[in-house]
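Side chains included, hydrogens not; waters and symmetry mates left out as well; all remaining heavy atoms used. If you're wondering where the values come from, they're calculated on a predicted model, not measured in any experiment. By convention in this document, chain letters (A, B, ...) are assigned in the order of the sequence lines, proteins followed by strands, and residues within each chain are numbered from 1.
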Number of protein chains: 2
Amino acid sequence: MKDAYHHGDLRQALLDAAVALIAEHGLHGLSLREAARIVGVSHAAPYRHFADKNAMLIAIAQQGFEWLADAGEAAMVGVDDPRQRLNAYGVAYVRFAVAHPVHFRVMFTEELTGDEASARAGSRSFQLLVDASSAVVGPGHDPDLSAVAAWSWPHGLANLILTRRIPPEAVDTSEKVEALARRVIAQLDGVLGPTDP
Amino acid sequence: MKDAYHHGDLRQALLDAAVALIAEHGLHGLSLREAARIVGVSHAAPYRHFADKNAMLIAIAQQGFEWLADAGEAAMVGVDDPRQRLNAYGVAYVRFAVAHPVHFRVMFTEELTGDEASARAGSRSFQLLVDASSAVVGPGHDPDLSAVAAWSWPHGLANLILTRRIPPEAVDTSEKVEALARRVIAQLDGVLGPTDP
DNA sequence: CCTCCAATGTTGTCGCCGCCAACATACGCC
DNA sequence: GGCGTATGTTGGCGGCGACAACATTGGAGG
């Protein structure tokens, strides 16, 4: 019996329970004790796997950053045109946020930005973005600046969706999300004008 | 003596203390009891002014949305070209977020989106955005879609700055923030291409 | 096969918090 | 000038994060 005393994979079970709790009650609705209760262990058991509540959130964020980088890579395979690659990354970014709203929110939670482990977790997905945007603007341009620009719109769109500033019924399937993201790209291309009138 | 028993403006004093606490310790670091302690009243006094902790956050968000709309309006006065007006709104949006990071974060906190009072508070600033973007794309286009596109990039940029994904020293003055926002606009205009290669 | 130890889980506790109820005080209207 | 209501206080309940001390287990080395 694996569940007699030792759980087997209590750490992951706690993470799953935590994600479910956040999905249902929001970030402040997460408590280590409740997660432990769901999993069926005592209220102090989580501390054998996480130093504190923040460490648990960081673990969720790390998982999320891995998935995000995976999704970004997958979205760009087979796409050759640099602009199309960058756009594909942006679309995948928004789709990831909608598919994993809890992870996305935790990844960009103020309280644990500045944490080194969390920052390192995001470096792979960030590098993907820098590479993709550099390929568009070409050498001679600040790669970080172009990356920031290419990051801003999907990050904003994702946050607007998750905070329900976009009507939920407009993004209730991944096809709708992708279509919305692509229309935003088209709008941004047309709406923003030259900086001189 | 105004401070003998009745405070005078305890509500606003509590809001100020709450903003200071969030600025220092993050959202989860806010407690009504600590805010009451700072102001010098008992731990239950806040409940005479706010039904619960969420109501206090909503009050902060409402204040923020008012300021944001004011800033957006102010940024557009005297600007005639529709594209320039829309860009000015976007720049003002980012500047507001940097100037009032706590308010901005609370305004878009997941836990209280869906709250009707909070949603209504944001309607004025949202309407400004819809009007400004509609004027750019002209009639015949979906005004909400163009607004979403115009909202995405400043919202994303603001969030990236506040979560320190942009190096803080790159945005430590309002001039730098404005310059960054305008360069992002220029990048978006140039980097995003036609959807067909 | 056995022993022992490090990893894992439990019980108990402390202080803080959100929230409520019961009580106290003070301001303003008649 | 008295009184009612708004405002503030004290006390208390249950839940939480975190730590300490103790209990159980499984596996590595003999």
Heavy-atom side-chain contact between [X] and [Y] under 4.5 Å:
X: B:L14; Y: B:L10; value: yes
X: B:M107; Y: B:L68; value: yes
X: A:H155; Y: A:F108; value: yes

Report the C-alpha separation of B:D131 and B:Q127 in whole Å, then their side-chain angles, then the decisive distance to 0.1 Å, and conclude whether the side-chain hydrogen bond (donor to acceptor under 3.5 Å, both in side chains) test is met. CA-CA 6 Å; B:D131 293 346; B:Q127 193 56 47; 3.0 Å; yes
Give a yes or no on whether the backbone of A:D80 and the side-chain of A:R85 come within a donor-acceptor separation of less than 3.5 Å.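 It does not hold such a pair.
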Rounded to the nearest angstrom, tell me the gap between atom [atom1] in [X] and atom [atom2] in [N].
X: A:L32; N: D:dC19; atom1: CG; atom2: P; answer: 12 Å
X: B:H28; N: D:dG17; atom1: NE2; atom2: C1'; answer: 11 Å
X: B:L10; N: D:dG8; atom1: CG; atom2: C1'; answer: 8 Å
X: B:D52; N: C:dG18; atom1: CG; atom2: C1'; answer: 9 Å
X: B:N54; N: C:dC17; atom1: CG; atom2: C1'; answer: 15 Å
X: A:Q12; N: C:dT8; atom1: CD; atom2: P; answer: 15 Å
X: A:Y47; N: D:dA21; atom1: OH; atom2: P; answer: 17 Å
X: A:F50; N: C:dA7; atom1: CZ; atom2: P; answer: 17 Å

Suppose we screen for salt bridge (charged side-chain N to carboxylate O under 4.0 Å, His left out). Which residues come up paired with A:R165, at least two apart in sequence or across chains?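 By the salt bridge (charged side-chain N to carboxylate O under 4.0 Å, His left out) rule, A:R165 matches no residue at all.
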Does A:R33 have any salt bridge (charged side-chain N to carboxylate O under 4.0 Å, His left out) partners at least two apart in sequence or in another chain, and if so, which?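 Residues passing salt bridge (charged side-chain N to carboxylate O under 4.0 Å, His left out) with A:R33: none at all.
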Angle of first-five versus last-five pair axes in the helix from C:dC1-D:dG30 to C:dC30-D:dG1, to 10 degrees: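 Taking five pairs per end, the axes differ by 10°.
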Atom pairs under 3.5 Å, N or O on each side, protein against nucleotides 11-15 of chain C: can you list them with distances?
residue	atom	partner	partner atom	Å
C:dG12	O6	A:H43	NE2	2.7

ring-ring contact (aromatic ring centres under 6.0 Å, His included), paired with A:Y93, selected from A:W153, A:F126, A:F104: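 The passing option is A:F104.
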In residues 169-181 of chain B, what donor-acceptor pairs under 3.5 Å come from side-chain atoms, sequence neighbours left out?
residue	atom	partner	partner atom	Å
B:D172	OD1	B:K176	NZ	3.0
B:T173	OG1	B:K176	N	3.1
B:K176	NZ	B:E169	O	3.0
B:E178	OE1	B:R95	NH1	2.7
B:E178	OE2	B:R182	NE	3.3

D:dG8, OP1 or OP2 - any side-chain N/O from B:H49 closer than 4.0 Å?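 For B:H49, the contact criterion (side-chain N or O under 4.0 Å from OP1 or OP2 of D:dG8) is met.
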Within less than 4.0 Å of OP1 or OP2 of D:dC16, is there a side-chain N or O belonging to A:R37?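 Yes.
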Regarding A:Q12 and A:D16, is there a side-chain donor-to-acceptor distance under 3.5 Å anywhere?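 Looking only at side-chain atoms, A:D16 and A:Q12 do form a donor-acceptor pair, the distance falling under 3.5 Å.
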Looking at D:dA18, C:dC23, D:dC22, which one has an atom nearest to any side-chain atom of B:R48?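 Per side-chain heavy atoms of B:R48, the pick is C:dC23.
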Could you identify which residues of residues 14-25 of chain A place a heavy atom less than 4.0 Å from some atom of DNA chain C, listed by residue number, or say none?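 None, since no heavy atom is under 4.0 Å.
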Using 30° and 60° as the class limits, which term best fits the ring planes of A:F96 and A:H100: parallel, tilted or perpendicular?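 Ring orientation, 0 to 90° scale: tilted.
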